[in-house]
Amino acid sequence: MAQQVRTGRRYLRAFVSGFFVAVPVSLTVFDRFACVARVEGASMQPSLNPEAGPGDVVLLNRWSVRNHQVQRGDIVSVLSPKNPQQKIIKRVIGLEGDFIRTLSYKNRYVRIPDGHFWIEGDHHGHSLDSNSFGPVRTHARTHVP
């Protein structure tokens, strides 16, 4: 019986010490390198959420954004310029210095200013994107799936 108590205490001690190591490490990884997010809505169909349903789950890569490795064609998550409480997921169409032919923006052609990029949803008729609010500041981007 005493042997079982010692074994139980040893397992409990190992669990507690592992917990106090795992929690800070996990929080650091999710803060600095990656996080998981749910994609809802039709704006990125058919790439994400190809069918109506609960939504896709994506792993967002924060490391690429911190190292300025975002390229044309990447899908990024940014704070919405229309509602800063909401994150939106869109595709990068143009980077700073590029000239973009817009779909419905106030100007037919736009030069992307320094420190900005142009984002659009894949489902053009159902997307609140740069065609609605213009170029997005690069420091507003948060992660790349």
Side-chain angles (χ1 to χ4, degrees), residues 6-145:
R6 279 189 296 235
T7 303
R9 286 183 183 160
R10 192 173 7 187
Y11 284 129
L12 180 60
R13 214 171 322 170
F15 173 79
V16 169
S17 64
F19 178 80
F20 284 113
V21 170
V23 168
V25 168
S26 298
L27 290 175
T28 300
V29 165
F30 284 125
D31 182 54
R32 299 289 178 193
F33 301 108
C35 68
V36 177
R38 179 173 297 282
V39 181
E40 297 173 349
S43 71
M44 287 302 293
Q45 287 179 342
S47 302
L48 300 172
N49 292 343
E51 299 174 9
D56 285 343
V57 176
V58 294
L59 179 66
L60 300 172
N61 176 352
R62 292 184 176 189
W63 187 255
S64 292
V65 171
R66 290 184 196 276
N67 292 317
H68 305 287
Q69 296 173 345
V70 176
Q71 300 173 4
R72 260 176 240 92
D74 285 349
I75 297 174
V76 295
S77 173
V78 300
L79 293 176
S80 170
K82 296 281 187 182
N83 178 4
Q85 304 301 317
Q86 179 185 22
K87 289 184 182 176
I88 57 175
I89 294 182
K90 306 294 177 196
R91 187 174 304 278
V92 175
I93 302 300
L95 303 172
E96 58 186 23
D98 288 352
F99 285 91
I100 300 295
R101 181 176 179 205
T102 68
L103 300 174
S104 59
Y105 191 57
K106 60 185 175 186
N107 300 328
R108 186 68 172 150
Y109 294 93
V110 174
R111 181 188 177 279
I112 309 302
D114 290 344
H116 290 72
F117 58 93
W118 189 269
I119 58 174
E120 293 181 1
D122 290 351
H123 196 179
H124 295 297
H126 304 317
S127 180
L128 181 64
D129 54 26
S130 287
N131 287 295
S132 301
F133 45 73
V136 177
R137 294 170 53 192
T138 54
H139 76 271
R141 66 180 177 230
T142 54
H143 1 272
V144 178

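Counting heavy atoms from C-beta on, the side chains of R91 and D74 never come closer than 4.5 Å.
From T102, atom OG1 reaches atom CD1 of I93 across 12.0 Å, with rounding to the nearest 0.5 Å. With rounding to the nearest 0.5 Å, the separation of CZ in F117 from CG in D98 is 12.5 Å. The distance from the CG atom of L103 to the CZ atom of R108 is 7.5 Å, given to the nearest 0.5 Å.
Of the possible polar contacts, one joining the E96 side chain to the G115 backbone as a donor-acceptor pair under 3.5 Å is found.
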### Message
Run Q71 and V92 through side-chain contact (heavy atoms from CB on, under 4.5 Å) and show every step you take.
### Response
CA-CA 7 Å; Q71 300 173 4; V92 175; over 6 Å; no

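The heavy-atom pair separating S130 from V136 by the smallest distance is OG-CG2, 4.0 Å. Of all non-hydrogen atoms in F133 and Y105, the two that sit nearest each other are C-CE1, 4.1 Å. Taking each heavy atom of K87 and L79 in turn, the nearest pair found is CG-CD2, 3.8 Å. Minimum interatomic distance between D129 and I119 (heavy atoms only, all atoms of both residues): CB-O, 3.4 Å.
Screening S80, S127, S77 for a side chain to side chain donor-acceptor pair (under 3.5 Å) involving K90 leaves a single residue, S127.
In terms of the side-chain hydrogen bond (donor to acceptor under 3.5 Å, both in side chains) criterion, R111 has no residue partners (sequence neighbours excluded).
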